[in-house]
Every structure is written in structure tokens, then in C-alpha cells.
Amino acid sequence: MTVQKQQPDSAAGLIALRLTVRNHPGVMSHVCGLFARRAFNVEGILCTPVDDGSISRIWLLVHDDARLEQMIRQAAKLQDVSEVRPFPSDAAAMFCTM
Amino acid sequence: MSRSRSRDHAAEARPSAGKAAMHGSKTQCPAPEKQQPAARPERMTGAAAVVRMLERQGVRHVAGIPGGASLPLYDALAARGSIRHILTRHEQAAGFIAQGMARATGVPAVCLATSGPGATNILTALADAKLDSVPVVCITGQVPTTLIGTDAFQEVDTYGMSIPVTKHNFLVRTAQELLTVIPEAFRIAASGRPGPVLVDIPRDVQLATLEIDSWPGPGLPDALLMPDMEDVVGAAAMIDEAERPLMYLGGGVISSGAAPAARRIAEKAGIPVAMTLMGLGAVPSEHPLSLGMLGMHAARCTNMAMEECDLLIVAGARFDDRATGRVDSFCPRARVIHIDIDASELDKIRSAHLGIQGDVRATLEALEPLVAPCARENWLHRVEELRNGWGLDLPRTDDPVSPYGMILRTAEIVGPEAVVTTDVGQHQMRTAQAYPFSRPRQWLTSGGLGTMGFGLPAAIGAALACPERTVVCFTGDGSLQMNIQELATAVEQRCNIKIILANNNALGLVQQLQNLFFERRVFATDYSVQVDFVRIAEGFGMPAVDLGASRDPLGMLEAALTTAGPCLVNIPVAVSESVFPMVPPGAANTEMIEGDGHDRTEAAA
């Protein structure tokens with residue numbers, strides 16, 4: 001997985017990760033616990049159900065640094081996570097205006 | 001309908017046998033219902049369904065302790081009578097017995113605990129399995145769903161607490177879910193990089209009745225992840241170009257069954273092999289290309305060869321700090337090929353010039369025919385030079401009551417077929433250094449978590465899984481006392497385990513650190529009471545001998561090791577005997593220190 005980098009903007013140095021997850025009561029614990037215990041900083045979280053609610057999207061606003069790739073690989077390893085996609089500055093900026 | 005009673009349930013573990021299981025087993029069900037024609041859906045409790053799925057999974061043993069929240073499950077186990085339950089004295093030991101079975105065979109093993117304290121007690125064994133990638137399925141009872149979140153009696157958030165120490169976990173909310181969760185737990189435990197899976201089942205879910213139209217197939221590992229062949233070709237080219245390649249093999253080589261392929265590549269291309277603590281046995285200790293264990297307690301020659309290598313082929317290993325020492329000084333001249341099933345291990349600690357995500361066995365088997373045969377005389381000659389000048393110099397190996405002598409004499413007596421477990425401490429490092437390992441899965445030790453108390457219950461698990469083998473448990477007095485109550489379990493199960501207790505009445509390895517790095521300020525690492533382990537063992541019903549009081553210690557050791565059944569052998573050792581050589585914490589692997597009387601000049605690189 002490689003990450004497209006774009007021009008810095010109001011969300012300078014930040015990037016949004018979109019996780020597609022199986023929706024059940026424990027999934028937020030799994031995702032947040034992973035980021036906490038691996039000492040990855042999360043600046044913002046947004047979670048929304050998709051379609052019939054069997055899956056959810058978790059958006060995480062994180063720092064675009066040397067550890068990003070490792071963060072993505074660790075998140076992708078979670079059994080309840082089916083996809084991890086990084087969204088560079090636009091989505092991060094959108095996050096910052098919410 | 002009684003024909004189902006004689007059915008070999010191991011046959012049910014075959015995926016194609018799923019349909020056969022639908023017929024005629026109604027009378028086995030503990031739920032008190034009327035008989036129905038075989039073609040109709042089966043009705044039973046969630047607990048009974050769990051037991052049936054464990055049978056279909058091929059599970060023969062489960063280790064655990066019952067309690068209020070797991071009693072329906074135990075009642076179902078009793079009603080079927082098809083799975084042997086190993087009753088331990090502490091849930092942590094149940095977890096380690098499952099680990100012993102899983103480590104010795106590679107097949108997921110099962111442990112059970114009740115809610116609350118049962119679950120908290122077993123977490124350490126799950127954390128241990130997580131760090132060493134051992135496939136274990138732990139089933140815990142939970143308070144009824146209506147009481148969850150009310151601080152009910154023996155309620156803890158088992159799901160929440162087990163997230164960071166398991167590969168995955170489940171809280172089952174309906175009995176119907178069990179039909180997907182149980183096979184899924186086994187699939188996850190055994191797939192890719194193996195690991196522990198916890199299934200938390202509330203009491204009312206165990207008691208609820210469900211209808212089963214057809215049984216799910218047993219949970220089997222996912223298809224192997226094959227490497228990208230372009231990368232494999234690239235790896236072969238890097239190996240062919242290298243002048244001084246070296247293999248660094250970890251536990252992933254053992255768990256994927258890659259040891260034969262690794263050995264063939266080493267022999268074909270003249271590549272010396274270093275192994276991590278978890279990788280020992282991948283290549284036999286006596287093999288001319290084996291450099292034994294690398295890292296903190298390696299032979300100097302091993303760490304020196306790594307310093308000099310120009311290509312490091314890392315397979316199923318993860319650059320653990322005990323293996324690498326100061327990481328920026330680790331193999332500084334080497335390009336790195338890193339093969340691992342887990343993508344997040346690639347580039348985690350050290351970036352690889354070529355990272356290959358794939359099953360290690362599949363990758364090495366694909367690599368073998370592409371690597372050019374090569375004698376590599378200059379490099380192997382240099383490695384021989386290092387080995388002759390800087391090999392392990394183990395003291396007093398002829399004395400059966402010395403720390404190294406007890407290991408080597410025991411190995412001679414029990415032979416290459418034995419399984420070896422250890423606890424954690426000086427005895428563990430000495431066994432890793434000195435034991436003549438001959439095959440994968442012979443060596444079971446707590447590597448990543450370093451859990452004192454692992455050795456005895458893991459030995460019980462190995463003895464249950466491999467009843468034809470002698471199981472030796474090397475331990476220390478500190479470690480043994482952390483799960484000493486399992487002496488009773490070993491006796492009860494008539495396990496053929498031999499406990500070799502290096503007894504210095506102290507926490508020797510910690511005291512060694514105090515002596516070396518805290519200016520000999522020894523604190524809280526020696527015991528003032530001298531425990532009589534022979535009497536303790538005998539009190540649990542286990543035969544025991546004390547080599548310290550014997551005029552013929554070797555004869556006594558031989559008699560103890562060759563008599564069937566469990567036995568404890570107490571061997572007093574001096575706490576002043578440290579494990580050397582050693583890399584000081586935080587230092588580079590080439591900066592090894594040795595004890596008094598081993599003042600050899602610094603490495604001439």
C-alpha cells in the first residue's frame with residue numbers, strides 16, 4: 001500500500017483513514033484499542049453505518065508521518081476490518097471543518 | 001440410533017463428513033427432548049452445540065476449571081463424554097496446557113474458564129500465545145446477557161480485557177451465532193499468523209435451545225498466502241550475488257513447517273543459519289551450518305558472523321530486541337530479505353531491501369529451486385574461524401549437577417525423540433544455548449512474553465498431545481513456584497514428564513542483572529525460606545529425587561528419566577553462576593560481556 005501525498009492545506013500533516021468494518025458493539029473497542037496500544041495518535045473519529053447497518057465506516061484523522069504505513073497494516077490485520085483506505089488532504093480538511 | 005455412539009468423531013473433522021453428522025445423533029443430546037426422525041432439524045442447547053462442534057473440530061482434550069457461568073458447558077461435556085477434560089488447579093495452567101498441545105502439534109487446542117476470576121486468570125496464557133503466535137481457542141463462561149453491565153457476581157468485561165491479548169475475540173449474544181462463531185474461532189486461530197482466539201459465552205446463551213438444520217463444517221485454516229513470484233526471483237538473485245549471506249530463522253519457520261525447505265536452501269547455497277529463541281530446532285544444533293541462537297545470550301561467533309554478513313535472509317522472525325540488540329548496529333553491512341506471513345512485520349523495526357509477504361514454507365519452497373548451488377568456501381571458512389575462536393565455552397558440562405551438565409546429560413539420556421519445555425530464567429537461556437535440538441516442535445518455551453510458570457503446564461499439554469514421547473521440563477525454583485499446584489494435575493493425568501529443577505533458591509536471572517548493572521545491589525531476588533521441593537512433589541503424589549544429596553547423581557538422574565511417569569529431579573545450583581556470554585540491555589550484539597575467568601579480548605572483526 002502506498003499513500004498519495006498532496007499539497008499541505010488547513011489540515012497540514014493530517015490524513016484521513018477510512019476503515020470499512022463489520023458493525024457490532026465491540027468493533028470500536030478493537031479499532032480504538034489498537035491505535036491506543038500501538039501509540040498511534042488519533043486526532044478525530046467519525047463512525048457511520050452503511051446500507052443495512054451490517055457494516056460501518058470508521059473515519060480516523062491521523063498524522064501523516066513515517067508510521068502511517070505501519071498503522072494501516074496493523075489496522076488491516078483486525079478481523080473485523082475489511083478495508084483500510086487513506087484519503088489525503090481533502091478529506092482531512094473536511095474533517096477539520098466539522 | 002445407537003450407531004452414532006461408536007462413530008469416530010475424528011472423522012467428522014474432515015470437511016466432507018459434514019453431512020454424515022446430521023444423522024442419528026439425536027440420542028446424544030443432553031437436552032431432554034423427544035426423539036425426532038433424523039432428517040428433522042436437531043434441537044439442543046447452545047452448550048451441547050458447542051461440544052458437538054468441538055468434536056467435529058477433532059478436539060480430544062480440553063483443559064480448564066468449571067464455575068457457575070460455565071456449568072451448562074461442563075454439563076454438556078459430561079453428557080457427551082467424548083472429550084477428555086483436564087482439570088487444572090489454576091486457569092492460567094489450563095491456558096498453558098492448551099499451549100503445550102498446540103505448540104507440540106501445530107493444531108489449535110482448547111481451554112475453558114468461567115467468568116470473572118476464571119477469565120482474568122487465563123489472560124496471561126492468552127497473552128503468551130499472542131506474542132508467540134500459538135493457535136489456542138479459549139472459551140469462557142459469562143454472566144447471563146440480562147446481567148451484563150450490572151457488576152453481577154463474577155462479572156468482568158472479558159471481551160474488553162482480552163482484545164489486546166488475543167488475535168480476535170467474540171462475545172456471543174445468541175445461541176444461533178455459536179454455529180458461525182465456533183468454527184470461525186478455529187479458522188482464525190490457525191490461519192495466516194496463528195494466535196489465540198477467545199469466545200465469551202453468557203450462561204443464558206449456553207442454556208438457550210437452538211435448531212440445527214445442518215452442521216457447519218469445522219473451522220479450517222485459510223488457503224496459504226503465496227508469495228509474489230517476482231519477489232522470489234529477486235530474492236534468489238540477491239542470494240546468488242551475496243558473498244556472505246546468513247539466514248535468521250524465527251518461530252514462523254517452525255509454525256509454517258518451513259524447516260526442511262530452509263535447511264535445503266542453506267545446504268544448497270552454503271548459507272550459515274542463526275535461529276531465534278522461537279526458531280530453535282529449525283535446523284539441528286549439530287548441523288555444520290547451524291550457528292545456534294542469535295542475540296542476547298548467543299555464542300559470540302554467531303553475533304560476529306551476523307555483524308559480517310552482507311545479506312540477511314530473515315524468515316518468520318520479527319527483529320525482537322532480545323535478538324537484535326541495539327537495532328541500528330544489527331547486521332550493519334547487510335542487505336535484508338524479509339519473509340513473513342504478517343505484512344505488518346515487514347518494515348516494522350528494520351526496513352527490508354526486499355520484503356515478501358507470504359507463507360514462509362511456500363515462499364522458501366518456491367525459492368529453493370531458483371537459488372544457484374554454491375559452496376561459498378571463503379565465507380564458510382570465515383564462519384568456521386569465528387566458531388573456533390568464539391564458540392560457546394560452557395563450563396563443567398561433564399558434571400551432571402552443574403547448570404549446563406544437567407541439561408546435556410539429560411539430553412543424552414532422553415534422546416532426540418523427547419519434547420523439551422522450559423520456564424523462564426537462567427535455566428531457559430542455558431537450555432537454549434546447550435540443548436542438542438534435532439527437530440521443529442521439540443522445543444516449547446515462552447519467548448515473547450517470557451512467562452514464569454509456563455514450563456510445567458506446557459509439559460503436561462505436550463505429554464497429552466504426544467503420549468509416546470518423554471517430555472522434559474527444565475525449570476528453576478522461582479518459575480516452578482508460579483504454577484507448582486499443577487504437580488497434582490500431572491500426577492492425576494499420569495503424564496510422562498520429567499521436571500529438572502535447577503534450584504538456586506533465588507530469582508537468578510534478575511539477580512544476575514542486579515549484579516551486572518545495578519552494582520551488585522541484590523534486592524528482592526533471593527528467598528529466605530529454602531523450600532523442600534522433594535517433599536512438596538511427594539505431597540502432590542509425584543516421585544522426586546534430590547541429586548544434591550546423592551553419591552551417584554548421574555545414576556539417579558538416569559533412573560528418574562527412564563522410569564515411566566512423572567518425576568521431579570531437584571538439583572541445587574549456586575546463584576553466583578551467571579549466564580554468559582551476554583549482551584547488556586541496549587548494547588549492540590557485538591558488545592558481549594563474559595563472566596570471571598572468561599576474559600577473552602574483544603572481538604577482532
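Everything quoted here is computed from the prediction, not taken from an experiment. Chain letters run A, B, ... following the sequence lines, proteins first, then strands; residues in each count from 1.
Within a 6.0 Å sphere centred on CZ of Arg322(B), other residues, nucleotides and ligands contribute 12 heavy atoms or fewer. Within 6.0 Å of CG on Asp222(B) lie more than 12 heavy atoms contributed by other residues, nucleotides or ligands. Atom CZ of Arg193(B) has more than 12 heavy atoms from other residues, nucleotides or ligands within 6.0 Å.
Summarising the geometry, atom CD belonging to Gln79(A) is positioned 9.5 Å from atom OG1 belonging to Thr166(B); distances are rounded to the nearest 0.5 Å. Distance CD/Glu69(A) to NZ/Lys348(B): 14.5 Å, rounded to 0.5 Å. For the atom pair Ser344(B) OG and Arg38(A) CZ, the distance stands at 6.5 Å (nearest 0.5 Å). Here the CG atom belonging to Leu171(B) is positioned 11.0 Å from the OG atom belonging to Ser29(A), to the nearest 0.5 angstrom.
The pair Asp347(B)-Arg73(A) counts as a salt bridge, with a side-chain nitrogen and a carboxylate oxygen less than 4.0 angstrom apart.
In summary, the aromatic rings of Phe170(B) and His24(A) are positioned with their centroids too far apart to meet the 6.0 Å limit.
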Checklist line | side-chain contact (heavy atoms from CB on, under 4.5 Å) evaluation trace for Asp80(A) with His168(B) | finding: CA-CA 9 Å; Asp80(A) 289 328; His168(B) 193 55; 3.4 Å; yes
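Partners of Asp128(B) according to the salt bridge (Lys or Arg N to Asp or Glu O under 4.0 Å) rule, which considers only residues two or more places apart in sequence or in another chain, are Arg103(B).
Taking each heavy atom of Gln70(A) and Leu346(B) in turn, the nearest pair found is NE2-O, 4.4 Å.
Residue contact with chain A, scored on non-hydrogen atoms closer than 4.5 Å, involves the backbone and the side chain of Ile163(B) alike.
No side-chain heavy atom of Lys167(B) sits under 4.5 Å from any side-chain heavy atom of Lys77(A).
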